[in-house]
Amino acid sequence: MTVKKTKPGALITGAARRIGRAIALGLAKDGWHVVVHYHKSFEAAEQTVAAIEAQGGQATAIAADLSRADSASELITESINVTGGLTCLVNNASLFVNDDILSFNSEGFNSMMAVNLCTPVLLSQAFSEKLQESSDGVIINLLDQKLVNPNPDFLSYTLSKYGLNGLTTMLAMALGPRVRVCGVAPGLVLPSADQTRDQFSIVHDRTPLERGATVFDIASAVRYLVSATAVTGEILLVDGGQHLVGSTRDVMFAKTKNHSDEVQFFNDDENGK
């Protein structure tokens with residue numbers, strides 16, 4: 001595959017695996033020198049870099065612990081040093097741990113907010129401050145279709161995404177005209193850690209399009225927004241229409257279908273939570 005002319009650097013947080021990896025591969029195809037951020041997934045990050053280089057692109061893996069407040073500025077600086085200039089930031093890394101109003105605690109909430117919301121603020125701050133005067137920049141935040149189709153599961157995680165959604169709007173106003181800020185809100189894309197393949201398949205295609213989103217769909221949406229120079233402050237829902245199908249529980253708790261073709265869900269005690 002022929003890679004387009006090399007562009008400046010693009011930092012994707014949490015890019016070693018899953019959606020982040022697909023975004024990294026996609027932006028590399030568009031000619032970006034991709035910084036593959038990871039925390040502990042060294043081997044997976046190196047494999048992502050190797051895959052990008054195999055398709056003719058440029059990539060560098062950089063480790064950082066995003067739960068540390070001082071890691072944001074350091075990561076931006078190091079990314080600039082290895083790419084020669086950073087003009088794209090994708091805030092993809094996210095903690096995803098289940099809690100609800102009964103299991104909620106301040107420690108879990110603070111950990112979720114630190115990685116999912118505070119760090120994107122700090123990264124965006126450092127990114128905009130260190131953007132070269134001759135360059136324009138773009139920030140893409142990864143959100144969740146739960147913003148328009150809420151349920152009470154994953155309480156702290158969902159609250160962090162509400163915050164990130166608000167941040168997207170405020171930064172689009174604050175950082176223009178040089179920096180555009182947009183969001184991509186995926187639906188169910190990949191099985192969660194506690195979700196079986198059967199449970200996943202039950203709900204993945206339960207959408208108006210009768211297909212759920214894939215990692216390639218999410219990467220394509222990010223690539224579009226990165227290139228859409230007249231678009232800012234916009235949130236793209238990429239979920240096959242999942243947000244149009246209401247549910248009282250998070251889709252990862254789907255258990256089976258009954259005779260009326262309705263999805264049934266685990267109770268908390270059944271799921272072992």
Side-chain angles (χ1 to χ4, degrees), residues 13-14 17-20 39-40 65-69 91-121 141-169 183-208 212-213 215 218 235 237-258 260-273:
T13 63
R17 302 177 184 273
R18 296 167 69 88
I19 291 175
H39 181 202
K40 297 180 179 179
D65 179 1
L66 298 186
S67 67
R68 291 176 41 240
N91 286 310
N92 167 72
S94 183
L95 288 181
F96 185 68
V97 179
N98 187 34
D99 65 352
D100 57 22
I101 191 59
L102 297 179
S103 60
F104 178 91
N105 62 77
S106 61
E107 182 179 359
F109 175 81
N110 290 337
S111 297
M112 201 83 64
M113 287 294 176
V115 174
N116 296 5
L117 182 55
C118 185
T119 291
V121 176
N141 294 323
L142 269 291
L143 304 169
D144 196 299
Q145 63 85 35
K146 289 185 69 172
L147 295 172
V148 296
N149 182 26
N151 59 66
D153 295 316
F154 294 92
L155 177 59
S156 295
Y157 164 83
T158 304
L159 289 173
S160 74
K161 292 301 180 179
Y162 274 113
L164 192 59
N165 181 59
L167 177 69
T168 301
T169 300
V184 173
L188 182 65
V189 176
L190 294 165
S192 300
D194 296 330
Q195 189 178 42
T196 69
R197 176 61 63 174
D198 287 343
Q199 293 165 20
F200 174 79
S201 64
I202 286 169
V203 291
H204 188 235
D205 296 336
R206 185 176 174 258
T207 70
V215 294
I218 309 306
I235 307 298
L237 286 152
V238 186
D239 64 354
Q242 182 187 337
H243 65 284
L244 301 173
V245 181
S247 173
T248 59
R249 298 296 311 275
D250 190 271
V251 291
M252 76 161 287
F253 296 114
K255 178 179 180 183
T256 185
K257 289 184 178 181
N258 61 24
S260 63
D261 205 37
E262 292 294 326
V263 173
Q264 296 179 341
F265 292 90
F266 284 103
N267 295 320
D268 288 338
D269 54 347
E270 289 181 289
N271 199 46
K273 291 289 182 181

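Remember, predicted model here, so these are calculated numbers, not experimental data. Numbering starts at 1 and runs along the sequence shown.
- Annotation for Tyr162 and Pro150: closest pair OH-CB, 3.7 Å, computed over non-hydrogen atoms.
- Here the closest non-hydrogen pair linking Ala213 and Ile218 is CB-CD1, 4.2 Å.
- Taking every heavy atom of both residues into account, Asp239 and Gly241 meet most closely at OD1-N, 2.8 Å.
- Side chain to side chain, Ser103 and Asp100 meet the donor-acceptor criterion of an N or O pair below 3.5 Å.
- If you take CG on Leu117 and CG on Leu159, they are separated by 10.5 Å, rounding to the nearest 0.5 Å.
- The closest donor-acceptor contact from the side chain of Gln242 to the backbone of Leu188 lies under 3.5 Å.
- Note that the CG atom of Leu155 and the CE atom of Met112 stand 9.0 Å from one another [nearest 0.5 Å].
- Taking OG1 from Thr158 and CG from Asn165, the interatomic distance works out to 12.5 Å, rounded to the nearest 0.5 Å.
- The minimum heavy-atom distance between Leu95 and Ser111, with the atom names listed, is CD1-O, 3.5 Å.
- When only modelled atom types and interatomic distance are considered, Asp144 and Tyr157 share a side-chain donor-acceptor pair under 3.5 Å.
- Side-chain contact between Ser94 and Leu142 is absent, with no heavy-atom pair separated by less than 4.5 Å.
- With hydrogens and angles ignored, the 3.5 Å screen pairs a side-chain donor or acceptor of Thr207 with a backbone N or O of Gly240.
- Below 30°, between 30° and 60°, or above 60°: for Phe96 and Phe154 the angle between ring planes is below 30°, a parallel geometry.
- Distance check, rounded to the nearest 0.5 Å: CG of Leu237 to CD of Gln145 gives 7.5 Å.
- Put simply, the side chain of Asn92 gets close to the backbone of Gly14: a donor and an acceptor are under 3.5 Å apart.
- Checked by atom type and distance alone, the side chain of Thr119 pairs as donor or acceptor with a backbone atom of Leu66 at under 3.5 Å.
- Judged by distance alone, the side chains of Thr13 and Asn91 never bring a donor and an acceptor atom under 3.5 Å apart.
- By the 4.5 Å heavy-atom criterion applied to side chains, Met113 and Ser160 are counted as neighbours.
- Between Val238 and Pro186, every side-chain heavy-atom pair lies at or beyond the 4.5 Å cut-off.
- Residues Ile101 and Pro152 have side chains not in contact (no heavy-atom distance under 4.5 Å, counting atoms from C-beta outward).
- Taking SG from Cys118 and CG from Leu164, the interatomic distance works out to 12.0 Å, rounded to the nearest 0.5 Å.
- Side chains of Lys161 and Asn116: no donor on one and acceptor on the other come within 3.5 Å.
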